[in-house]
K.L.:
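Pasting a structure here, questions to come.
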Amino acid sequence: MPQALEHAEGCWAWVVLLASMVTQGLTLGFPTCIGIFFTELQREFQASNSETSWFPSILTAMLHAGGLGLCFSFQSTITVLGFYFTHRRALANALASVGVSLGITLWPLLSRYLLEDLGWRGTFLVFGGVFLHCCVCGAILRPVARNVTSETKEGPSSPTKTPAPGCLAACGQAILRHLAFDILWHNAGYRVFTLGVTWMIVGFPLPHVFLVPYAMRHGVDEQRAALLISIIGFSNIFLRPMAGLVAGRRDFSSYRKYLFSLAVLLNGLTNLVCTVSADFQVLVGYCLVYSVSMSIVGALFFQVLMDVVPMDRFSRALGLCTILESFSILISPPLAGFLLDNTGNNFSYVFYMSSFFLISAALFMGGSFCALRKKERQCGQAEGETAITEAALEALTVDGTDSSEKQLCTEIMYVTSV
């Protein structure tokens, strides 16, 4: 039997929102607890910082690269959520990202508790069972009824006789069709966003991975060190919906890109606090300020992408963006671990590195978005002047035609009178 289609902004949309919230909490919130296992894995395998850093980098990279499992879970819920909500899309994205905040809050506490009783191997077995709940969330997603275009009503066009492409050509066409390289080439806003986010991601995940080892190295016990990540997540529970409500207002619709860039800039500047002091109270204040910028980045990330890319191309644009992000995530923790190994475990260089990539990415995106807006205004003014000129020429042409007709009529009347 054909499955019934759900309607956008309907009752089932809120059920899908809940499923997206749970999925994002299970998937995107999980990598933040990896720092809990960093010291334990390093001690277990007698590995260096750079070698141990490959564990969180590969895990997070596969989460964003389009691999199996977690990536399929969170990307599908985000894409479907954009079809279920049209008028309140910014608020829906912000509420769904609250699941990430819940995950950031609960995963470290659960990890610390299970690690003490079961060890890291038993803890990962329990995590595997928890991730099975993504299957339940996926079963909730239903297709959304969409407007049928005139082209669809007319039926498919008659097939044209074209030679069958070769294997390599077919693979190339499939890659270009399913990825968004054409959007990356033609859409300047998407190009700026993707390149900026790819550069930003090199520094963004570093505090989540190295904050706990950094605190423990400076005398903070394991329980309080794990609590730092939970403070970030707990603060995000309240800050992300507030950021979504503000960004969802029509007054801010054209300024979301700049607000996103400003949040990235604040995030980079905040990381410099860790280079000054490692006192627990200072780190708690750092986590609270860091949560403000992180909540804005998390609430606006998908909404800004939906603003620069049409919704019918969003899934492709998100796929290419996350694949490029995965390369940044793959090299980021090992590069930071390499710095630690060659600087005598001086964690200040890790936070300097994070701040550099975040601040430079924020300046690039903010400046580029301003330049694109200025260019659009100039193009609009030029088009307006061209339209005015064409209208004036048409008016002059009409006036010239009327006057010639009047002259012709006068001459005819004169000859007739003679």
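Side chains are part of it too, since the values below use all heavy atoms of this structure and drop only hydrogens, waters and symmetry mates. Count residues from 1 along the sequence.
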K.L.:
Look up atom OG in Ser97 and atom CG in Leu28, then write down how far apart they are to the nearest 0.5 Å.
P.N.:
10.0 Å
K.L.:
Check whether Asn187 reaches the backbone of Val308 with its side chain - one donor and one acceptor, N or O, closer than 3.5 Å.
P.N.:
yes
K.L.:
Counting only heavy atoms not in Tyr258 (residues, nucleotides, ligands), do more than 12 fall under 6.0 Å from its OH?
P.N.:
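Correct, the count exceeds 12.
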K.L.:
Between the side chain of Thr77 and the main-chain N/O of Ser20, is any donor-acceptor distance below 3.5 Å?
P.N.:
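The answer is no, because no donor-acceptor pair under 3.5 Å joins these two groups.
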K.L.:
Would you mind reporting whether Phe234 and Ile104 have side-chain heavy atoms less than 4.5 Å apart?
P.N.:
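They are not in contact (no side-chain heavy atoms under 4.5 Å apart), so the answer is no.
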K.L.:
Could you go through the side-chain hydrogen bond (donor to acceptor under 3.5 Å, both in side chains) check for Asn271 and Tyr290 one step at a time?
P.N.:
CA-CA 8 Å; Asn271 289 333; Tyr290 179 87; 5.3 Å; no
K.L.:
Atom CG of Leu206 and atom CG of Leu358: how far apart are they, to the nearest 0.5 Å?
P.N.:
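Reported value, rounded in 0.5 Å steps: 8.5 Å.
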K.L.:
Taking the six-membered ring for Trp and the single ring otherwise, decide whether the centroids of Trp14 and Tyr84 are under 6.0 Å apart.
P.N.:
no
K.L.:
What residues, two or more places apart in sequence or in another chain, satisfy salt bridge (charged side-chain N to carboxylate O under 4.0 Å, His left out) together with Glu222?
P.N.:
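Per chain and number, Glu222 pairs via salt bridge (charged side-chain N to carboxylate O under 4.0 Å, His left out) with Arg112.
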K.L.:
Quick one: which residue pairs count as a ring-ring contact (aromatic ring centres under 6.0 Å, His included) with a foot in residues 352-378, not counting sequence neighbours?
P.N.:
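Applying ring-ring contact (aromatic ring centres under 6.0 Å, His included) to every pair that reaches into residues 352-378, excluding sequence neighbours, yields Trp199-Phe357.
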K.L.:
Check for a donor-acceptor pair, side chain of Arg191 on one end and backbone N or O of Trp185 on the other, with a separation under 3.5 Å.
P.N.:
yes
K.L.:
Hey, could you give me the CD1/CG distance between Ile329 and Leu63, rounded to the nearest 0.5 Å?
P.N.:
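With rounding to 0.5 Å, CD1 (Ile329) is 7.0 Å from CG (Leu63).
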K.L.:
Please check if the side chain of Thr32 supplies one atom and the backbone of Gly29 the other of a donor-acceptor pair under 3.5 Å.
P.N.:
yes
K.L.:
What's the separation between atom CE in Met365 and atom CZ in Phe193, rounded to the nearest 0.5 Å?
P.N.:
7.5 Å
K.L.:
Please confirm whether the backbone N or O of Gly319 pairs with a side-chain atom of Thr322, one donor and one acceptor, at under 3.5 Å?
P.N.:
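Side chain of Thr322 to backbone of Gly319: a pair is present.
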K.L.:
Do the two ring centres, one from Phe37 and one from Phe124, sit under 6.0 Å apart?
P.N.:
yes
K.L.:
Does any part of the side chain of Gln24, heavy atoms only, come nearer than 4.5 Å to the side chain of Ile78, both counted from C-beta?
P.N.:
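Of all side-chain heavy-atom pairs linking Gln24 with Ile78, at least one is under 4.5 Å.
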K.L.:
Can you tell me how far apart CG (Leu115) and CD1 (Ile36) are? Round to the nearest 0.5 Å.
P.N.:
8.5 Å
K.L.:
Tell me if the aromatic rings of Trp120 and Phe45 count as close, with their centers under 6.0 Å from one another.
P.N.:
yes
K.L.:
Would you say the side-chain atoms of Ser57 pair up with the backbone N or O of Pro334, donor to acceptor, closer than 3.5 Å?
P.N.:
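It does not hold such a pair.
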K.L.:
For Gln223 and Glu116, which I'm curious about, is there any donor-acceptor pair between the side chains at under 3.5 Å?
P.N.:
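Distance-only check passes for Gln223 and Glu116.
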K.L.:
Testing the 3.5 Å rule here: is there a donor-acceptor pair between the side chains of Asp341 and Ser50?
P.N.:
yes
K.L.:
When you compare the side chain of Pro205 with that of Pro31, does any pair of heavy atoms fall below 4.5 Å?
P.N.:
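Not touching, per the 4.5 Å side-chain cut-off.
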K.L.:
Are Phe347 and Thr275 close enough that some pair of their side-chain heavy atoms sits under 4.5 Å apart?
P.N.:
no
K.L.:
Using a 6.0 Å cut-off, check whether atom OH of Tyr255 has over 12 heavy atoms from anything other than its own residue.
P.N.:
no
K.L.:
Is it the case that the side chain of Asn267 and the backbone of Ala263 share a donor-acceptor pair, with hydrogens and angles ignored and the cut-off at 3.5 Å?
P.N.:
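No, the answer is negative, given that no donor and acceptor are paired below the 3.5 Å cut-off.
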K.L.:
Do Arg43 and Glu40 pass the salt bridge (Lys or Arg N to Asp or Glu O under 4.0 Å) test, and can you show the C-alpha distance, the side-chain angles, and the key distance before you say yes or no?
P.N.:
CA-CA 5 Å; Arg43 187 186 304 115; Glu40 185 72 20; 3.1 Å; yes
K.L.:
For the OG1 atom of Thr60 and the CG atom of Leu330, what is their distance to the nearest 0.5 Å?
P.N.:
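Reported to 0.5 Å precision, the distance equals 9.5 Å.
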K.L.:
With sequence neighbours excluded, give me every side chain to side chain donor-acceptor pair (under 3.5 Å) pair touching residues 299-310.
P.N.:
Asn93-Gln303, Arg256-Asp307, Gln303-Asp307
K.L.:
So Ile34 and His208, do their side chains get closer than 4.5 Å, heavy atoms only?
P.N.:
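Result no, sub-4.5 Å side-chain heavy-atom pair not found.
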K.L.:
Short question: side chain of Ser326, backbone of Ile323 - any donor-acceptor pair under 3.5 Å?
P.N.:
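Looks like yes, one N/O pair under 3.5 Å.
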K.L.:
Is the backbone of Asn49 close enough, under 3.5 Å, to the side chain of Thr52 for a donor and an acceptor to pair up by distance?
P.N.:
no
K.L.:
Assert yes or no for the condition that the ring centre distance of Phe210 to Phe351 is strictly below 6.0 Å.
P.N.:
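They do not qualify: ring centres at least 6.0 Å apart.
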K.L.:
Under 3.5 Å, side chain of Tyr190 to main-chain N/O of Ala317, donor-acceptor pair present?
P.N.:
yes
K.L.:
May I ask you to test the Tyr349-Asn342 pair for a side-chain heavy-atom distance under 4.5 Å?
P.N.:
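No - every pair of side-chain heavy atoms lies 4.5 Å or more apart.
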K.L.:
Taking the side chain as everything from C-beta on, heavy atoms only, tell me whether Phe38 gets closer than 4.5 Å to Val212.
P.N.:
no
K.L.:
Using a 4.5 Å cut-off on heavy atoms from C-beta on, say whether the side chain of Val264 contacts that of Ser293.
P.N.:
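With C-beta onward as the side chain, the pair stays apart.
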